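Beneath this line is the structure, given in structure tokens, with notes to follow.
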Amino acid sequence: MSILSLRAPTENDAEALSRLFLDETVGKTYMVPDFASPAEALVLAKKVIALSGQDGRFVRGVYLDGELIGLVNDVGIDKSSVELGWAILSEHHGKGFGTAAARLAAKELFSLGFEEIRAGAFENNTASRRVMEKLGMERTGTETVTYRGTVHECVTYSLGKEKFNG
């Protein structure tokens, strides 16, 4: 049986994390820059790894049997709430790993004292929307975002600590 876990990524995960950033399917919905080369993705991976060690940040690698297959990270944090983003390598899509990772992250964040978790997704990103709904998040609205030169409608969701069934 496979084991899914979250932990702060280390330098040993830089190549795997850069592979996640270069995954074309991931790049359509998880906001990463267009990279001119794999070396640029590696630079970003190392920056993300460095962020994972900073106070006030939530950056966790998603590991399947010890191998990094994704990332869950804060997009914004204030005193009582955090906005999360997540990405899973496309070869692992459709297997429930995104939902499991988001659930583990929510459990950890609520245990750290956060009262609310927020997230958003492009309106046509049904997989991320499904993750939010399975987590018990409720739709809170829409916003317009420009990503890679294209305007996208995004849906926003929220989950309060009192409603989390994790």
Side-chain angles (χ1 to χ4, degrees), residues 1-32 41 44-45 48-54 56-77 80-140 147 152 154-166:
M1 183 169 158
S2 296
I3 297 173
L4 191 80
S5 61
L6 299 183
R7 67 170 169 78
T10 67
E11 279 294 317
N12 294 336
D13 299 313
E15 290 289 336
L17 193 53
S18 67
R19 192 164 70 93
L20 175 71
F21 294 154
L22 291 168
D23 186 310
E24 287 184 33
T25 301
V26 170
K28 291 177 183 174
T29 57
Y30 183 78
M31 293 184 154
V32 293
L44 179 60
V48 168
I49 290 166
L51 283 176
S52 72
Q54 292 183 4
R57 297 304 306 257
F58 186 84
V59 179
R60 301 292 185 270
V62 179
Y63 296 86
L64 180 61
D65 297 329
E67 177 186 345
L68 187 136
I69 65 160
L71 184 70
V72 179
N73 63 286
D74 71 87
V75 177
I77 293 181
S80 64
S81 71
V82 58
E83 183 176 352
L84 283 183
W86 52 78
I88 302 291
L89 280 167
S90 61
E91 64 203 60
H92 295 287
H93 286 180
K95 300 175 184 174
F97 297 135
T99 301
R103 189 171 308 283
L104 287 170
K107 187 174 184 175
E108 183 177 349
L109 288 162
F110 287 139
S111 75
L112 291 170
F114 288 97
E115 296 295 322
E116 177 191 33
I117 295 172
R118 301 176 324 276
F122 296 152
E123 194 159 43
N124 65 350
N125 185 349
T126 56
S128 276
R129 292 176 61 191
R130 210 167 30 250
V131 166
M132 290 182 265
E133 290 163 2
K134 286 181 182 179
L135 195 61
M137 298 181 98
E138 296 177 354
R139 189 171 171 163
T140 57
Y147 174 60
H152 297 270
C154 291
V155 291
T156 56
Y157 286 77
S158 175
L159 175 64
K161 184 176 185 176
E162 73 285 348
K163 291 190 175 186
F164 180 60
N165 184 13

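Computed from a prediction, not measured in an experiment: that's the story for all the values here.
When all heavy atoms of Phe164 and Arg103 are compared, the closest pair comes out as CZ-O, 3.8 Å. Scanning all heavy atoms of the two residues, the minimum distance from Val26 to Ala87 falls at CG1-CB, 3.8 Å. The minimum heavy-atom distance linking Ser128 with Ala121 is given by the pair CB-CB, 3.8 Å. Pairing each heavy atom of Ile88 with each of His93, the nearest pair is O-NE2, 2.7 Å. Taking both residues in full, the closest heavy atoms of Gly85 and Val75 are given as N-CG2, 3.7 Å, listed atom of the first, atom of the second, then distance. A pairwise comparison of heavy atoms in Val59 and Pro9 identifies O-CD, 3.8 Å as the closest pair.
Side-chain N or O atoms of Asp74 include none that pairs as donor or acceptor with a backbone N or O of Val82 at under 3.5 Å. Remark: side-chain polar atoms of Tyr157 are not paired, donor with acceptor, to backbone N or O of Gly136 under 3.5 angstrom. Arg19 places no side-chain N or O within donor-acceptor distance of the main-chain N or O of Leu89, the cut-off being under 3.5 Å.
Note that the CD1 atom of Ile77 and the CZ atom of Phe58 stand 8.5 Å from one another [nearest 0.5 Å]. Interatomic distance, Arg130 CZ to Thr99 OG1, rounded to the nearest 0.5 Å: 8.0 Å. For the atom pair Ile117 CD1 and Leu109 CG, the distance stands at 5.0 Å (nearest 0.5 Å). Residue Lys95 holds its NZ atom at 8.0 Å from CG of Leu64, rounded to the nearest 0.5 Å.
In this structure, the side chains of Phe122 and Met31 come closer than 4.5 Å at one or more pairs of heavy atoms. Side-chain atoms of Leu4 and Ile69, non-hydrogen and from C-beta on, do get closer than 4.5 Å to each other. The shortest side-chain heavy-atom distance between Phe21 and Val48 falls under the 4.5 Å cut-off.
Using a 30° and 60° split on the angle between ring planes, Tyr147 and His152 fall in the tilted class, from 30° to 60°.
Among Glu116, Glu83, Lys163, Glu138, the one residue that satisfies the side chain to side chain donor-acceptor pair (under 3.5 Å) test with Ser158 is Glu116.
Using modelled atom types, one finds no donor on one side chain facing an acceptor on the other under 3.5 Å when comparing Arg118 with Thr156.
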